Amino acid sequence: MTANRDELIHLIEGLPDDRVDALLADARRLTAHRPRGSWPPAFFGAGVSKDGSTDIGRNVDKYLAEGFGRARS
């Protein structure tokens, strides 16, 4: 065990009973496995138009008129 782990165990053993619940909640939060998002994220490819071109800035009015950025149904 590392010195930090030994110190942590010592501190926990000396903790008053009324503080155990709060520490336990924090420990569970710190060790919880968080679900990872899907890949690629929803915004991936946002700079590419439907026809595959990447000159969005130059033709912004054209792409916005076509509905660029709206969810496809």
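Since this is a predicted model, take the numbers as computed values, not measurements. As a basis for the values below, the full set of heavy atoms in this structure was taken, side chains included, without hydrogen atoms, waters or symmetry mates.
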Suppose clustering is done on Ile, Leu, Val, Met, Phe, Trp and Tyr with side-chain heavy atoms closer than 4.5 Å. Which residues sit in the same group as V20? L8, I12, L15, L23
What salt bridge (Lys or Arg N to Asp or Glu O under 4.0 Å) pairs are there with at least one residue in residues 18-32, not counting sequence neighbours? D26-R29
Under the ring-ring contact (aromatic ring centres under 6.0 Å, His included) rule, what pairs show up with a residue in residues 10-37, not counting sequence neighbours? none
Just jot down the side chain to side chain contact (heavy atoms under 4.5 Å, CB included) partners of N4, sequence neighbours excluded, or say none. T2, E7
